[in-house]
Number of protein chains: 2
Amino acid sequence: MIPTDLIKGSLKTIVLKLLKEEGPMHGYAITRKVEELTEGKIKLTYGALYPILHKLEKDGSLVTASENFNNRIRIYYALTPKGHTVVADKIKELNEFIESLQRIVDTKPRLSHA
Amino acid sequence: MIPTDLIKGSLKTIVLKLLKEEGPMHGYAITRKVEELTEGKIKLTYGALYPILHKLEKDGSLVTASENFNNRIRIYYALTPKGHTVVADKIKELNEFIESLQRIVDTKPRLSHA
DNA sequence: GTTTAATATATAAGCTATTTATATATTGTA
DNA sequence: TACAATATATAAATAGCTTATATATTAAAC
């Protein structure tokens with residue numbers, strides 16, 4: 001599993017991206033999907049997830065719709081038009097970040113030091 | 001510039017990786033190199049850098065050697081054998097992280113939702 | 001001649017996103 | 001009948017960072 005320090009900071013982007021590609025999801029399903037996509041390497045804790053969702057709802061990026069499924073409440077989160085704009089920006093940032101990290105990781109030692 | 005939230009957590013790995021590839025460096029040079037490698041997209045502040053270096057020195061991953069250059073003190077940081085082990089682990093983690101992020105970012109919408 | 005930018009290291013206070021712990025409740029499985 | 005899985009939620013604590021501040025020299029600009 002990837003240490004949380006590293007993942008810290010990209011969780012919001014990950015959540016938004018999932019909602020964009022999968023459509024409306026409820027919290028529990030989001031944690032499942034992240035684990036599935038990353039083969040268990042990234043685990044979204046509920047203590048991190050729900051504050052993120054609530055915050056995004058508050059700022060108008062997400063809207064909710066409650067559903068009763070087997071006597072369990074499911075709260076579906078869906079992107080608003082504003083949310084779609086936010087995701088686009090966040091994805092762009094994340095791509096730049098990935099690119100920068102790769103440039104650093106791919107750096108090979110110089111011959112002068114070999 | 002990439003928001004600091006995203007970079008937070010990978011700074012230590014970046015510093016260690018640079019010291020591995022470039023050989024001993026002093027703090028100021030490290031900040032310069034990171035900016036250069038990432039085309040200004042990642043900026044290492046001194047408030048972040050020096051505590052990282054001091055911590056790595058304390059735990060035995062780095063050793064220091066002072067040099068006087070133009071009446072300016074330069075403190076060179078170099079990896080110890082332990083440091084080399086730590087870098088290897090950190091790089092491995094970072095690669096897994098990058099891979100996981102890419103898997104999430106590259107996810108395309110399903111036809112069933114199209 | 002004097003101000004400004006660049007070089008060089010350092011620390012303390014404050015912020016904020018996260019982890020950890022805790023709470024609650026139902027359904028399916030062993 | 002107990003345990004695992006499903007489902008949401010919050011509060012306290014942590015930790016890594018940013019921001020601000022301090023100090024000192026050299027080179028360039030004006």
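Values in this document were obtained by computation on a predicted structure and should not be read as measured data.
Both G47(B) and I52(A) sit near DNA chain C, but only G47(B) has its closest nucleotide nearer the 5' end. The residue among A48(B) and I7(A) whose nearest nucleotide of DNA chain C lies closer to the 5′ end is A48(B).
Salt bridge annotation for E36(B)-R32(B): absent, with no cationic side-chain nitrogen under 4.0 angstrom from a carboxylate oxygen.
For the pair Y28(B) OH and dA27(D) C1', the computed distance is 12 Å after rounding to whole Å. Between the CD1 atom of I75(A) and the P atom of dA9(D) there is a distance of 4 Å, given to the nearest Å. Taking atom CD on E57(B) and atom P on dT9(C), their separation rounds to 13 Å, with Å as the unit. Distance Y50(B) OH to dT23(D) C1': 13 Å, rounded to the nearest Å. Put simply, CD1 on I73(B) is 22 Å from P on dA6(C), counting in whole angstrom units. When the P atom of dG16(D) is taken as reference, atom CG of L56(B) falls 11 Å away, rounded to whole Å. What separates CZ of R32(B) from P of dT9(C) is a distance of 12 Å, to the nearest Å. Rounded to an integer number of Å, the gap from L49(A) CG to dA11(D) P is 17 Å.
Within the structure, every side-chain polar atom (N or O) of H54(B) is placed at least 4.0 Å from both OP1 and OP2 of dT9(C). Using a 4.0 Å cut-off, no side-chain N or O of Y46(A) falls inside it from OP1 or OP2 of dA9(D). Neither OP1 nor OP2 of dC17(D) sits under 4.0 Å from any side-chain N or O of K8(A). A sub-4.0 Å separation between OP1 or OP2 of dT18(C) and a side-chain N or O of T4(A) is absent. Contact annotation: K43(B) does not reach the phosphate of dT18(D) (side-chain N/O to OP1 or OP2, under 4.0 Å).
Relative ring orientation between Y46(A) and Y28(A) is described as parallel, the plane-to-plane angle staying below 30° on a 0-90° scale split at 30° and 60°.
In terms of hydrophobic clustering, with Ile, Leu, Val, Met, Phe, Trp and Tyr side chains grouped at heavy-atom distances under 4.5 Å, Y76(A) and V15(A) are assigned to different clusters. I73(B) and Y77(B) end up in the same hydrophobic cluster when Ile, Leu, Val, Met, Phe, Trp and Tyr side chains are linked at under 4.5 Å.
Among the heavy atoms of the strands lying under 4.0 Å from G27(B) are primed sugar atoms or P, OP1, OP2 only; no base atom is included.
Side-chain proximity of P51(A) to the nucleotides dA7(D), dT19(C), dT10(D) is greatest for dT10(D). Closest approach to the K55(A) side chain among dT18(D), dA17(C), dA9(D) is made by dA17(C) (side chain taken as heavy atoms from C-beta onward). Among the nucleotides dA7(D), dT19(C), dC17(D), the one closest to any side-chain atom of F69(A) is dA7(D). Counting only heavy atoms from C-beta on, L11(A) has its side chain closest to dT18(C) among dG16(D), dA8(C), dT18(C).
Heavy-atom minimum distance, M1(B) versus K41(B): CG-O, 3.5 Å. Heavy atoms only, all atoms of each residue included: I75(B) and S66(B) are closest at CG1-OG, 4.0 Å.
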Expected string for nucleotides 25-30 of chain C under the B/S/- scheme (protein heavy atoms, under 4.0 Å, primed atoms plus P, OP1, OP2 as sugar-phosphate) is -BB---
Contacts under 3.5 angstrom, residues 81-90 of chain B side chains, donor-acceptor by atom type, not counting sequence neighbours:
unit_1	atom_1	unit_2	atom_2	d
K82(B)	NZ	D59(B)	O	2.5
T85(B)	OG1	P81(B)	O	3.3

Donor-acceptor list for residues 91-99 of chain B side chains, cut-off 3.5 Å, not counting sequence neighbours:
unit_1	atom_1	unit_2	atom_2	d
N95(B)	ND2	I91(B)	O	3.3
E99(B)	OE2	R103(B)	NH2	3.1

